[in-house]
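The block underneath contains the structure these notes are about, expressed in structure tokens.
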Amino acid sequence: MVKSIIWFRNDLRVSDNAVINYCIENKRKVLPIYIYDPFTSLGSASKWWLKQSLISLDKSLKGSLALFEGEPNKVLLDLVNNHGIKEILWNARYLKDDINQDNDIKNIVKNHDVNCITFHSCLLKNPQNTLKKDATPFKVYTPFYKQQYQDMTYELFNYNTEEIDFIDCKYNEQISKILDSTIKTEKWHQKLLSEWTPGEAGAQKKLKVFLSDGLNGYSEGRNRPDKQHTSMLSAHIRFGEISIREIAKSVEKIKTEDAEVFYKELVWREFSYHLLYHFPHLVDTNLQKKFDNFKWLDNQDHLKSWQKGMTGYPIIDAGMRQLYETGYMHNRVRMIVGSFLVKNLLIHWKYGQEWFWDTLVDADIASNSASWQWVAGTGADAAPYFRIFNPVTQSKKFDPDGDYIRKYVPELKNIPNKYIHLPSELDDKSLIEYGVKLGSDYPYPIVDLSITRERALSAFKKLSKSTS
DNA sequence: CCTGGAGTTGTCCTA
DNA sequence: TTAGGACAACTCCAG
């Protein structure tokens with residue numbers, strides 16, 4: 001009987017997983033493993049999530065998940081030598097460094113008569129296959145969507161997980177103990193526990209709640225941070241705790257605008273991976289070269305105020321505090337804070353990308369990079385340079401009653417709706433009536449919106465005239 | 001190769 | 001109050 005390693009990476013689930021399907025169909029004896037490589041960059045919030053998720057996966061695998069710390073090639077080679085492994089199975093990753101690592105491993109173990117097989121369960125489609133007719137990659141979302149993803153139907157794997165045949169060897173008596181010593185988490189992670197349930201069961205529950213309560217009215221409601229119309233699935237998807245096909249399938253028969261808009265959001269994730277795969281420098285270099293000469297400002301005070309949610313613009317501060325407290329931020333607000341950092345503060349998008357990477361539980365290398373480049377205008381299909389969000393206008397439009405602001409910026413809770421979007425409009429006397437003293441209870445705006453807007457317009461305008 | 005239409009998410013000013 | 005145009009010009013994409 002062939003002995004195989006299932007190497008879990010970004011697919012921490014047993015349901016609808018091509019690797020598991022292969023093992024059952026081909027009657028493999030399997031050793032499921034996870035390798036924690038301390039040298040790979042993982043954000044702080046992601047580490048917390050990963051830890052919880054692995055505990056959950058271990059349960060789904062009846063306590064058979066073996067956890068290792070170290071360089072994957074060494075760990076795998078040891079296992080191959082000690083257990084007579086003939087196959088290593090995994091779902092593909094799409095970051096250049098990861099692809100290289102996988103290829104290296106493939107070559108190393110080949111000398112030991114071990115075969116590596118790559119599956120694609122992390123995306124709806126393998127980005128290798130999503131090219132235009134002329135075989136070059138799409139750079140615009142709409143044609144990408146129309147040609148590649150519209151009117152698709154998805155099939156799920158159908159197997160009984162009871163049939164997984166584990167190799168009988170215990171590596172970790174208690175995975176949670178080992179995790180405590182390998183993946184260091186920080187104090188502030190404690191509060192994440194009350195917000196999230198990482199793992200397959202938690203993911204399934206979120207999907208169910210979304211389909212029954214969130215989807216109806218999604219196309220409008222998704223823009224409202226004060227409402228509950230988003231799926232909250234992003235982190236579960238990031239770690240592969242739920243199959244992206246399963247999510248797509250759950251809405252494919254619903255012929256409403258809401259369902260299509262939601263499905264399009266899934267395809268935006270595909271588009272980000274498509275870009276990452278075909279333009280690996282997406283993570284650290286402007287996709288549009290002409291931005292390499294752009295003079296960003298280096299203002300550490302502004303950056304810190306932004307990170308802490310102390311900019312004096314309530315919608316920005318609510319978003320940034322939601323992020324820090326919960327590891328998540330509503331999508332509309334991500335755009336508003338992103339535009340503010342890049343356009344009003346003129347701070348390089350990489351600082352936003354880094355902060356999000358560290359604090360978001362759903363931090364995803366493709367989506368995070370592509371989206372920051374999008375909002376900065378340096379990316380594919382990017383926002384025109386003159387599209388600068390006004391945080392006050394956006395706040396009035398999408399959080400009209402200030403419910404979202406009051407939740408995360410409680411010092412403003414007594415300010416009436418009319419002024420909550422910009423308290424500095426009020427005079428000191430009225431503010432004191434509402435229990436706020438600007439400058440001590442809540443900051444004055446750190447920059448003037450119209451001045452910084454004009455500044456950004458002229459800086460970006462100069463650039464658009466220069467040759468790329 | 002040429003051509004024409006289109007391109008996630010906005011804001012502000014003017015009439 | 002509201003609707004329309006300016007904000008630029010470019011690149012992408014399909015035929």
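Protein chains get the first letters and strands the later ones, always in sequence-line order, with residue 1 at the start of each.
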* To do: Working to the nearest 0.5 Å, report the span between CD1 of Ile88(A) and CH2 of Trp7(A).
  =>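 Nearest 0.5 Å value for the CD1-CH2 distance: 8.0 Å.
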Examine [N]: is either OP1 or OP2 under 4.0 Å from a nitrogen or oxygen in the side chain of [X]? Give yes or no.
X	N	result
Gln288(A)	dT11(C)	no
Lys139(A)	dC13(C)	no
Tyr385(A)	dA8(C)	yes
Arg387(A)	dT11(B)	no
Asn390(A)	dC12(B)	yes

* Asked: Which is true for Glu265(A) with a 4.0 Å heavy-atom rule: it touches a base, it touches only sugar-phosphate, or it touches nothing?
  ->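 Here Glu265(A) touches the bases of the nucleic acid.
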I want to verify a distance call: between [options], whose nearest atom is closest to the [X] side chain?
X	options	result
Val140(A)	dC12(C), dA8(C), dT9(B)	dC12(C)
Lys461(A)	dT11(B), dT9(B), dA8(C)	dA8(C)
Lys133(A)	dT9(B), dG15(C), dA8(C)	dG15(C)
Lys132(A)	dC7(C), dC13(C), dT11(B)	dC13(C)
Thr393(A)	dG7(B), dC12(B), dG10(B)	dC12(B)

* To do: Establish, from distance only, whether the side-chain atoms of Gln288(A) and Asn286(A) form a donor-acceptor pair under 3.5 Å.
  => no
* To do: Using the six-membered ring wherever Trp is involved, compare the ring planes of Phe144(A) and Tyr141(A) and label them parallel, tilted or perpendicular (cut-offs 30° and 60°).
  => tilted
Between [X] ([atom1]) and [N] ([atom2]), how many Å, whole number?
X	N	atom1	atom2	result
Tyr141(A)	dT11(C)	OH	C1'	20 Å
Lys290(A)	dA9(C)	NZ	C1'	8 Å
Tyr145(A)	dG7(B)	OH	P	14 Å
Gln148(A)	dC13(C)	CD	P	12 Å
Phe138(A)	dG7(B)	CZ	P	14 Å
Leu457(A)	dT11(B)	CG	P	12 Å
Phe144(A)	dG7(B)	CZ	C1'	16 Å
His421(A)	dT11(B)	NE2	P	14 Å

* Phe386(A) six-ring face occupied by Lys461(A) cation (under 6.0 Å, within 45°) -> no
* Name the one of Asn91(A), Asp98(A), Asp102(A) that satisfies side chain to side chain donor-acceptor pair (under 3.5 Å) with Arg9(A)? -> Asp102(A)
* So what's dT9(B) paired with, Watson-Crick or G-U wobble, going by both distances under 3.5 Å? ->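 Its partner is none (no Watson-Crick or G-U wobble pair with both distances under 3.5 Å).
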* **Pairwise C1' distance for dT11(B) and dA8(C), with rounding to whole Å** =>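 Straight-line distance between the two C1' atoms is 16 Å.
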* Testing Leu211(A), Leu215(A), Ile254(A) for side-chain contact (heavy atoms from CB on, under 4.5 Å) with Phe262(A), which one passes? ->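 With Phe262(A) as partner, side-chain contact (heavy atoms from CB on, under 4.5 Å) holds for just one option, Leu215(A).
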